[in-house]
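Quick note on labels: first sequence line is chain A, next is B, and so on, each numbered from 1. This is a predicted model, so every value here is computed, not measured.
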There are 2 protein chains.
Amino acid sequence: MPVKEKDSPTKGEITRLAIEDAALELFMEHGYHATSMRQIAEQAGLALGGIYNHFSSKEAIFEGIVVDKHPYKKILPLILGAQGETAEEFLSNAMRIAIDELDREPYYIKLMMIEFVEFNGQHGAAMLREIAPKVLPVFEQVVKIRKNMRVTNPAMLMRIFFGMVLSYFITNTIVSNSIISKLMPKNPMDVYVDVILHGVLKPET
Amino acid sequence: MPVKEKDSPTKGEITRLAIEDAALELFMEHGYHATSMRQIAEQAGLALGGIYNHFSSKEAIFEGIVVDKHPYKKILPLILGAQGETAEEFLSNAMRIAIDELDREPYYIKLMMIEFVEFNGQHGAAMLREIAPKVLPVFEQVVKIRKNMRVTNPAMLMRIFFGMVLSYFITNTIVSNSIISKLMPKNPMDVYVDVILHGVLKPET
DNA sequence: CCTACCGATCGGTAGG
DNA sequence: CCTACCGATCGGTAGG
């Protein structure tokens, strides 16, 4: 008799995951509409019809990925564990953690952009409704702990933080395909973190 | 005899423009691959086959739009004309001009993202090769005029400037579809401009 | 610039 | 989970 592990995935779960992984890879490369169900099936190692035992449609695969692969589940605990003494330390650490993690698994940024371009942000708004209540308190804490902040609205601070990470990744992709990458400093991430904290100007002393 | 205006567009040019405008609208709504040549033809008011008198393929339409509709032609002169006395004034003005213009014609941000998602940034790198030499000198000037800047690398400053504008728009779209828009300040653009100049922290005085 | 057509491929399903 | 199939639609073209 085989040992029955409580949390070992069933065969169905394995196949479902294989389909999601295959689809994710193809979506990343070509976007949603340019990826066919036949390509996904082949990449996942089963026949076209087999997919429909696990997902009711192509869009259902996309939605499954958006939910199952969301990186905030991994990133949020890391950020919560990385409290610094000052708000400056905390924000700096948090931003590095987020960028590092997304650098290691860059798929999600692109997934968000696919959603934006090919679905007009339908799933994105729903996602935000789920995540915002969990992430917003972190920024409320930051604003409360450190009194002398320029940005005191927690939602706005969250937006700037998130937008900054996004902007780092998009410009990073554009720049790395270009000759002007040679003109960049070696540590663009440090510069980004520094700018969000202190701005591009030196204070007038 | 009809008066012959030197710069009045020919009938062919008018049709070509109508095709580009129709395609742009559809690309904005559904992305590239989800838009069909038949939809473009219908929207432009001609038969499918007629398109091929003006464009050799669907991708050629996209490339035509990327070139013809590029907003830097409109934005760059405005920015050059808006010199402020200090670098702070100049950067602040430049960012407002760029955001205002892109707000009035928001198509281009989305076009860039379509390019990123569905073409993996192929045309984007080519575009950058053309634009960077014209825009980079502006930032070189800024860095030269104002000595006490935190970011002294012109290419990096350009990247941050461009990324900031991008981040403003993407987060703006996400937020405006969401309940958390109520939590935002009334002037998010002012906050954005302030942050890029001075950071989220107040200086330690 | 349109009509009528091409082969290819699409998402999805029936039946086993 | 696969085989074989469906109708619909795709980008593109020939011929006028």
Rounded distance in Å - CZ (F62(B)) to P (dG11(D)): 15 Å
May I ask you to test the N153(B)-V143(B) pair for a side-chain heavy-atom distance under 4.5 Å? no
Measure the spacing between CD1 of I79(B) and CE of M95(B) and express it to the nearest 0.5 Å. 11.0 Å
Under-3.5 Å N/O pairs linking protein and nucleotides 2-6 of chain C:
unit_1: dC2(C); atom_1: OP2; unit_2: A47(B); atom_2: N; d: 2.7

If you count the non-hydrogen atoms of other residues, nucleotides and ligands that lie under 6.0 Å from CD in E89(B), is the total more than 12? yes
DNA chain C contacts made by residues 26-36 of chain B, counting heavy atoms under 4.0 Å: none
Value in whole Å for how far the P atom of dA8(C) lies from CE of M37(A): 23 Å
Counting the benzene-type ring for Trp, do F119(A) and Y32(A) have ring centres under 6.0 Å apart? yes
Start with the C-alpha gap between M149(A) and L157(A), add the side-chain angles, then the distance that decides, and say whether side-chain contact (heavy atoms from CB on, under 4.5 Å) holds. CA-CA 10 Å; M149(A) 290 199 64; L157(A) 190 62; 4.3 Å; yes
OG-CD1 distance between S57(B) and I51(B), expressed to the nearest 0.5 angstrom: 11.0 Å
Between dG11(C) (P) and Y52(A) (OH): distance, integer Å: 7 Å
What is the separation between atom CD on E42(A) and atom P on dC1(D), rounded to the nearest whole Å? 17 Å
What is the distance from NZ of K58(B) to P of dC10(D), rounded to the nearest Å? 9 Å
Rounded to the nearest angstrom, tell me the gap between atom CD in Q39(A) and atom C1' in dA8(C). 14 Å
Tell me, which stems hold DNA chain D, with a stem being 3 or more Watson-Crick or G-U pairs in a row and both distances under 3.5 Å? C:1-16 with D:1-16
Does any non-hydrogen side-chain atom of K69(B) lie less than 4.5 Å from one of E105(B)? no
Tell me whether K134(A) forms a cation-pi arrangement with Y72(A), defined as NZ or CZ under 6.0 Å from the six-membered ring centre and within 45 degrees of its axis. no
For the pair E101(B) and R104(B), evaluate salt bridge (Lys or Arg N to Asp or Glu O under 4.0 Å) and give the outcome as yes or no after the intermediate values. CA-CA 5 Å; E101(B) 183 58 33; R104(B) 207 171 303 120; 2.9 Å; yes
Pick the closest DNA chain D nucleotide for T15(A) and for E59(B) by heavy atoms, then say which residue is nearer the 5' end. T15(A)
In terms of the angle between their ring planes, are Y192(B) and Y168(B) parallel, tilted or perpendicular, with boundaries placed at 30° and 60°? perpendicular
Between K73(A) and D68(A), does at least one N-O distance fall below 4.0 Å, as a salt bridge requires? no
